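Step one of this worksheet: look at the structure below.
These numbers were taken from a predicted model, which means no experiment stands behind them. Numbers restart at 1 for each chain; the letters A, B, ... are given by sequence-line order, proteins then strands.
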There are 2 protein chains.
Amino acid sequence: MTPLVHSFVAHFGEMGSRWGINRTVGQIYALIFVSPKPLCADEIAETLSYSRSNVSMGLKELQSWRLVKLRHVAGDRREYFDAPSDAWEIFRTLAEERRRREMEPTLSMLRSALLETPSCDEDKVAQERMKGMHDLIELMSNWFDDVQRLDAQTLAKLMRMGARVQKLLELTGQLKSGSKE
Amino acid sequence: MTPLVHSFVAHFGEMGSRWGINRTVGQIYALIFVSPKPLCADEIAETLSYSRSNVSMGLKELQSWRLVKLRHVAGDRREYFDAPSDAWEIFRTLAEERRRREMEPTLSMLRSALLETPSCDEDKVAQERMKGMHDLIELMSNWFDDVQRLDAQTLAKLMRMGARVQKLLELTGQLKSGSKE
DNA sequence: ATCAAATTTCAGAAAATACTGAAATTTCGG
DNA sequence: CCGAAATTTCAGTATTTTCTGAAATTTGAT
C-alpha cells in the first residue's frame with residue numbers, strides 16, 4: 001500500500017463506527033474503492049493483515065450494502081471484488097440502504113403505535129409527538145424514493161441550486177395562481 | 001411507563017446502534033421525547049432502571065447532539081430535560097450534527113490527500129476516485145447548509161414535490177435560455 | 001461561607017462486538 | 001464424480017464498549 005492509500009484506508013477504518021460499519025469493513029471498502037483493479041479476498045487479507053475469514057465476513061457485509069460487486073477473472077477460480085466508482089451511484093445505494101435499515105423499521109413501529117387507542121392523557125401526548133415524527137419520516141422516505149429516480153445530472157443541478165430553489169418555488173407559486181389549479 | 005410508551009422506548013433502544021448511539025441513549029431520548037413534561041435524571045434512571053451515572057452520561061451525549069434541552073423548574077434544584085417536539089427542527093439538528101461528525105472529517109482527509117503528488121499510477125487512480133468522492137461530499141455538505149436556511153414550510157413543499165422538481169427545472173431551463181445568462 | 005442536594009468522574013465489572021483459526025462446505029476444472 | 005482450491009461457518013478468544021457504584025466535585029439556598 002502506498003502512503004496515500006494507507007491514509008485513506010486508515011481513515012475509513014476510524015470512521016467506520018460512526019458510519020455503522022466496523023473497522024475491518026471500512027478498511028476493506030476503502031481499499032477496494034481506490035484500487036485500479038478488482039481484488040480478491042486473499043489480497044485484501046494480506047494487505048490489511050486480517051484473517052481470511054474476517055475478510056470473508058466483511059465482504060459479505062459490503063455486498064449486503066451493495067457497495068462492492070463480485071467479478072470473475074478469466075482462468076481464475078477466485079472471486080474478485082470492485083466498487084462502483086460513480087459517486088452518485090454510491091450515494092443512491094447508501095440512501096436506499098439506510099432508508100431500509102434505519103427508517104423503515106421505525107416507520108412501521110410508529111404506524112402500529114398510532115393505531116392504538118390512547119389509554120390516558122400521557123398516551124395522548126405521546127401519540128401526538130409520534131405522529132409528528134411519523135409524518136416527517138414518511139415524507140422523507142417518499143422523497144428519497146422520488147429522488148432515486150432522478151438522473152445524476154438533474155440531481156447535481158438541484159443540489160447546486162441549493163437554497164435558490166426557494167426562489168424558483170415562489171416563482172412557480174405565482175405562475176400557478178395565474179393558471180390551472 | 002404505559003405499554004405504548006414502553007414499546008416506543010424499546011424500539012429506540014434497539015435501533016440505537018444503527019443510528020450511532022447506544023441503547024441507553026436511545027431510550028433516554030425516546031422517553032424524553034414523548035413525555036408531556038420535562039424529566040429529571042432521577043426519574044429517567046428510575047423509569048428505565050439504569051444507574052444514575054449512566055443516565056447522566058446519556059444526557060450529556062444527547063445534549064452534545066442538541067436533541068434535548070436543559071430546563072429549570074422553579075423551586076427545584078434538579079435539572080430537567082425536554083426535547084424539541086417539532087420534527088423539522090429535529091431533522092435540521094440531526095442533519096447538521098451528522099454533517100459535522102460524519103462528513104467533515106472525511107472531507108478534510110480527502111482535501112489533504114488530493115494535495116499530495118501521486119507517486120505512481122496506483123496513486124493516480126486512487127486520487128481520481130477520491131476526487132469524485134470529495135466533490136460529491138462537498139456538494140452535499142453545501143446543499144445541507146443551504147437547506148438549513150429554508151423554513152420548514154418551504155422545505156416541506158419541496159419534499160412533497162419530490163421528483164416533480166425535475167419538471168420545474170426543465171421549465172426554468174427553457175425560461176433561462178430565453179433570458180440573461 | 002456552609003453544607004446538603006445534585007451532578008459528574010472514573011476505575012473496574014459486565015456485556016456486546018469483532019476477530020481468528022480450524023473444520024466444514026462449496027465450487028469447478030478435469 | 002473426484003479432488004484441490006476457494007469460501008464459509010462457527011466456537012472460542014480478544015478487544016471494545018457500555019454500565020455501575022463509590023468517590024469527588026459542583027451547585028445554590030441559607
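Residues satisfying the salt bridge (Lys or Arg N to Asp or Glu O under 4.0 Å) criterion with A:Arg77, sequence neighbours excluded, are absent altogether. With sequence neighbours excluded, the residues satisfying salt bridge (Lys or Arg N to Asp or Glu O under 4.0 Å) with B:Glu138 are B:Arg111.
Here the side chain of B:Thr47 pairs a donor or acceptor atom with the backbone of B:Glu43 at under 3.5 angstrom. A donor-acceptor contact shorter than 3.5 Å is absent between the side chain of B:Arg18 and the backbone of A:Arg98.
A ring-centre distance under 6.0 Å is found for A:Trp19 and A:Phe12.
Side-chain contact between A:Gln153 and A:Trp88: absent, with no pair of heavy atoms (C-beta onward) separated by less than 4.5 Å. Inter-residue side-chain proximity for A:Arg66 and A:Glu96 is flagged as met; some heavy-atom pair is nearer than 4.5 Å. Side-chain contact check for A:Met140 versus A:Leu136: some heavy-atom pair is nearer than 4.5 Å.
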Are any protein N/O atoms closer than 3.5 Å to N/O atoms in nucleotides 18-21 of chain C? If there are, list each pair with its distance.
unit_1	atom_1	unit_2	atom_2	d
C:dC19	OP1	A:Arg23	NH2	3.3
C:dC19	OP1	A:Thr24	OG1	2.9
C:dC19	OP2	A:Thr24	OG1	2.3
C:dC19	O5'	A:Asn54	ND2	3.4
C:dT20	OP2	A:Ser51	N	2.8
C:dT20	OP2	A:Ser51	OG	3.1
C:dT20	OP2	A:Asn54	ND2	3.1
C:dG21	N7	A:Ser53	OG	3.2
C:dG21	O6	A:Ser53	OG	2.7

Provide a list of protein-nucleic acid N or O atom pairs under 3.5 angstrom, restricted to nucleotides 27-30 of chain C.
unit_1	atom_1	unit_2	atom_2	d
C:dT27	O2	A:Arg77	NH2	2.4

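Of all non-hydrogen atoms in A:Leu67 and A:Pro84, the two that sit nearest each other are O-CD, 3.3 Å.
Of all nucleotides in DNA chain D having an atom under 4.0 Å from a heavy atom of chain A, the first and last in 5' to 3' order are D:dA4 to D:dT9.
The interatomic distance linking B:Arg18 (CZ) with C:dT17 (P) rounds to 12 Å, in whole Å.
Two different hydrophobic clusters hold B:Phe8 and A:Val125 under the rule that ILVMFWY side chains link at heavy-atom gaps under 4.5 Å. Grouping the Ile, Leu, Val, Met, Phe, Trp and Tyr side chains by contacts below 4.5 angstrom, directly or via other members, places A:Leu62 apart from A:Met57.
Pairs of Watson-Crick or G-U wobble type, with distances under 3.5 Å, assemble into runs of 3 or more in DNA chain D at these ranges: C:1-30 with D:1-30.
A donor-acceptor contact closer than 3.5 angstrom links the side chains of A:Thr154 and A:Asp151.
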